[in-house]
Amino acid sequence: MIDGGLPHYGPMKSTTETPAPGDGQLAILLVISRIPRGRVASYGQVAALAGLPGRARLVGRILSRLPAGSNIPWFRVVNARGQLSFATDSSAWRRQYEALREEQIEFRGRQINLALYRWQP
DNA sequence: AACGTGACGGCTT
DNA sequence: AAAGCCGCCACGT
């Protein structure tokens, strides 16, 4: 189960062309929920695995709207350079940093060695 | 419709 | 190695 607080949108009413609100969101959250403890994935990687190549920013946008207390392991998603996408030393940055350190993920300065910690499904 | 704003990414400096 | 630049995508004004 992945629904630890999925924002819920109404069903799609139009059958024409506009994607339903939240289209792609489920696939993205499913992918993130599969990232194992002690590993990370980049926004772009998550998007690609969800079948939405090129939509890294969509992944970030969805995570930014994730309700607090969600069981989705949002903290295992980092940018393509192995850095956390928050202002350095902001409280959000520290929250993510601590969560990752909690799972034995090592930082070299402000970044993670993706060659070592990237999730490879 | 135009323009600004991001939990992005790849390339160039 | 770090910072710019610019392209990208989804949204709000």
Side-chain angles (χ1 to χ4, degrees):
Chain A
M1 291 318 167
I2 60 142
D3 68 334
L6 301 180
H8 57 303
Y9 293 94
M12 166 163 60
K13 294 173 177 173
S14 164
T15 59
T16 53
E17 92 299 307
T18 306
D23 174 41
Q25 166 160 9
L26 181 57
I28 286 169
L29 292 177
L30 278 168
V31 168
I32 295 173
S33 70
R34 289 180 30 225
I35 306 173
R37 241 184 100 80
R39 314 236 89 193
V40 297
S42 72
Y43 296 88
Q45 181 186 358
V46 168
L49 288 170
L52 301 165
R55 280 140 184 100
R57 304 195 81 146
L58 175 59
V59 174
R61 199 177 79 77
I62 288 171
L63 287 186
S64 75
R65 305 187 161 212
L66 206 57
S70 166
N71 61 349
I72 300 291
W74 57 270
F75 53 86
R76 296 186 185 135
V77 184
V78 302
N79 73 27
R81 292 162 36 186
Q83 302 173 306
L84 312 189
S85 293
F86 290 108
T88 302
D89 288 330
S90 61
S91 65
W93 190 94
R94 284 191 298 272
R95 258 201 317 286
Q96 184 170 13
Y97 178 83
E98 293 304 332
L100 293 174
R101 295 285 358 237
E102 204 71 34
E103 333 194 307
Q104 327 300 319
I105 291 176
E106 299 291 335
F107 282 70
R108 176 172 89 263
R110 301 243 170 267
Q111 54 183 50
I112 295 166
N113 185 342
L114 290 185
L116 236 47
Y117 294 102
R118 181 194 292 277
W119 173 44
Q120 333 228 186

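Residue numbers begin at 1 in each chain, while the letters A, B, ... track the order of the sequences.
What separates CZ of A:R55 from C1' of C:dC11 is a distance of 15 Å, to the nearest Å.
Rounding to the nearest 0.5 angstrom, the gap separating the CG atom in A:L58 from the CD1 atom in A:I28 is 4.0 Å.
With both ends at atom P, the span from C:dT13 to B:dA7 equals 16 Å, rounded to whole Å. Comparing C:dC8 with B:dT12, their P atoms sit 16 Å apart, to the nearest whole Å.
In this structure A:T88 satisfies the side-chain contact (heavy atoms from CB on, under 4.5 Å) test together with A:R110, sequence neighbours excluded.
A 4.5 Å side-chain heavy-atom check between A:Q111 and A:V78 finds every atom pair outside the cut-off. Counting only heavy atoms from C-beta outward, the side chains of A:L100 and A:L84 approach each other to under 4.5 Å.
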Can you build the contact string for nucleotides 7-13 of chain B? Use B for base contact, S for sugar-phosphate-only contact, and - for no protein heavy atom under 4.0 Å. BBSS---

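A ring pair (Phe, Tyr, Trp, His ring centres under 6.0 Å) check over residues 61-101 of chain A, counting only residues at least two apart or in different chains, returns the pairs A:W93-A:Y97, A:Y97-A:F107.
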